[in-house]
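Worksheet: the structure to be examined is printed underneath.
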Amino acid sequence: MISKKMVGLVQNSSVIRAMFEEGKKLAAIYGAENVYDFSLGNPSAKPPQEIKEAILDIINTEDTNLVHGYMNNSGYEDVRDGIAKSINRKFATSFHAENILMTVGAAGGLNVILKTLLNPGDQVITFAPFFGEYRNYVDNFNGELVVVPPNTINFQPNLREFENKINETTKAVIINTPNNPTGVVYSEETIVELAAIMSRKEKELGTSIYLIADEPYRELAYDGIQVPYLTKYYKNTIVGYSFSKSLSLPGERIGYLVIPSEVDDFAEVSGGANVANRILGYVNAPSLMQRVVAKCLDAEIDINAYNRNRELLYHSLIEYGYTCVKPQGAFYLFVKALEDDDKAFANAAKKHNILIVPGSSFGCPGYCRIAYCVDYSTIERSLPGFKKLAEEYKK
Ligand code: PLP
């Protein structure tokens, strides 16, 4: 018999994954080209050519014991050094290898830092809509996820509500920008205000409140919009980065945490994170991939393809009468459902072979997420279905 806790978790298991399975079933019935699966954030852009070249080069030229062996639980020193220098070049920061901890993707990084920071019952605050896995990650360490309700006008965080929720048990705040599921980039003005609130509360309560910046979509930002680098705005910031989307490598499970030397109790936090990486069973991030990404820090995927998808989808939906905020980053669009019940709306879309995820999975009922990391032609072929769906609701 599995644990009671797991029974509950299995029952509530990801709606997104369930949709993905549903998509496969529909494809078997109607043919893959007639099913428009917008459920999963699986990158459609090809990994850059540099990745393949780096893998071959490393395998052919580097010492195999080094490439495949154990290492410091935080990762290879030279890889961490290269990443620190690359961040410094891009954001005028001053990190060193000791500030970087290689992780098993952003998911691994979040679990490592939450294990390091949380006592049972500690609060972690996040802003709706949010990546639903945060609930599980915080629960893994018996923390309590506190959700600030959404600001559906522009999906920037609701800072007044946020301030009211901070108390002496608040240990961390997770923010994700560019955001999954809205595609919104939090403005510099928002970040400055958020940082001011957190600093003020830290002083008032005499505690440390860590800001965890979950940044798998940092490189996916359109129209030249700047995504503020958060360590520059708030001292106790820890960044979780991932190459899953920026280099289209989600199955390879590679990312890193940035733990700046300025954070409160730096030695304990970075030492704790090193041990957490080991005892959570990751031991270290995948060794070959560490060496690969270190050689590809300036490589890029073709984000123009996502941008074309964004433009076509956004303008078409607006033309058909849908309401949504134009995404500025990531590869998601968060559309207002045409009825109050987002699950019923997603089911109505399914009748047109369109698979989208109800906003309730992201703490924001009444909306649905469309992951447009698909071929352009999939979007083109799905549009008549979106149009008919809107017309059904007008009747
Ligand atoms: N955080 C957010 C907001 C995400 O959307 C995802 C994946 O979709 C993750 C974290 C996990 O990313 P990774 O594949 O790097 O573990």
Side-chain angles (χ1 to χ4, degrees), residues 14-17 19-20 37-45 47 51 75 83 100-115 124-140 145 147 150 155 157 172-186 211-221 227 230 238-258 276-277 280-282 284-286 289-290 292-293 301 306 327-334 357 359 361-364 369-374:
S14 171
V15 177
I16 302 176
R17 291 271 158 187
M19 282 255 170
F20 184 61
D37 187 349
F38 298 106
S39 61
L40 199 62
N42 206 6
S44 52
I51 296 288
I83 288 177
I100 309 295
L101 185 145
M102 301 306 294
T103 62
V104 176
L110 286 167
N111 276 278
V112 163
I113 197 62
L114 291 169
K115 180 163 182 74
V124 177
I125 302 181
T126 199
F127 298 90
F130 62 97
F131 179 52
E133 294 289 58
Y134 293 161
R135 202 171 281 293
N136 295 322
Y137 299 165
V138 170
D139 181 61
N140 282 344
L145 188 74
V147 178
F155 290 111
V173 174
I174 306 180
I175 69 168
N176 165 227
T177 165
N179 183 263
N180 173 11
T182 63
V184 164
V185 172
Y186 293 176
L211 177 62
I212 302 172
D214 180 26
E215 300 203 332
Y217 302 101
R218 161 162 290 281
E219 261 65 56
L220 274 59
V227 183
L230 294 171
I238 292 164
V239 177
Y241 184 84
S242 162
F243 296 93
S244 292
K245 320 284 163 140
S246 63
L247 295 180
S248 292
L249 298 173
E252 300 295 351
R253 314 306 307 134
I254 185 77
Y256 59 80
L257 287 173
V258 182
N277 208 24
L280 283 170
Y282 304 127
N284 53 250
M289 278 303 131
Q290 288 193 44
V292 169
V293 294
I301 53 157
Y306 293 140
Q328 302 156 301
F331 40 46
Y332 306 108
L333 183 147
F334 206 48
V357 183
S361 305
F362 307 95
C364 188
R369 187 191 77 173
I370 306 174
Y372 59 80
C373 43
V374 296

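Order of appearance sets the numbers: ligands from 1, and atoms from 1 within every ligand. Note that the coordinates shown come from a computational prediction; the quantities given were computed from them, not determined experimentally.
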Check Tyr282 against Gly108 and note the closest heavy-atom contact, atom names and distance.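 Minimum heavy-atom separation between Tyr282 and Gly108: OH-CA, 3.5 Å.
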Regarding ligand 1, does Ala106 bring an N or O atom to under 3.5 Å of one of the ligand's N or O atoms?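 Between Ala106 and ligand 1, an N or O pair is found under 3.5 Å apart.
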Does ligand 1 come near enough to Tyr332 that some N or O of the ligand is less than 3.5 Å from an N or O of the residue?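 Between Tyr332 and ligand 1, no N or O pair is found under 3.5 Å apart.
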In the protein, what heavy atom is nearest to [atom], and what distance, to one decimal place, separates them?
atom	value
atom 2 (C) of ligand 1	Asp214 OD2, 3.3 Å
atom 15 (O) of ligand 1	Ser242 OG, 2.6 Å
atom 9 (C) of ligand 1	Phe131 CE2, 3.5 Å

Stepwise, does the side chain to side chain contact (heavy atoms under 4.5 Å, CB included) test hold for Ile301 with Tyr306? CA-CA 10 Å; Ile301 53 157; Tyr306 293 140; 3.7 Å; yes
Close-contact set for ligand 1 against [X] heavy atoms, below 4.0 Å:
X	value
Ser244	13 (P), 14 (O), 15 (O)
Asn176	3 (C)
Gly105	15 (O), 16 (O)
Ala107	11 (C), 13 (P), 16 (O)
Arg253	13 (P), 14 (O), 16 (O)

[atom2] on [Y] to [atom1] on [X], rounded to 0.5 Å:
X	Y	atom1	atom2	value
Asn136	Leu110	CG	CG	12.0 Å
Asn179	Phe130	CG	CZ	11.0 Å
Phe243	Gln290	CZ	CD	10.0 Å

So Phe331 and Tyr217, ring-ring contact (aromatic ring centres under 6.0 Å, His included) or not? Walk me through it. CA-CA 8 Å; Phe331 40 46; Tyr217 302 101; 5.7 Å; yes
Looking at [Y], is its backbone amide N or carbonyl O close enough to the side chain of [X] to form a donor-acceptor pair, meaning the two atoms are under 3.5 Å apart?
X	Y	value
Arg218	Val227	yes
Asn176	Pro178	yes
Arg369	Ser39	yes

Lys245: heavy atom below 4.0 Å from ligand 1, yes or no?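 It does; at least one heavy atom falls under 4.0 Å.
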Give a yes/no on ligand 1: does Tyr217 have at least one heavy atom closer than 4.0 angstrom to it?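 Yes, Tyr217 has heavy atoms under 4.0 Å from ligand 1.
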Proximity to ligand 1 by part of Pro216, non-hydrogen separation under 4.0 Å: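 Looking at Pro216 and ligand 1, just side chain atoms fall under 4.0 Å.
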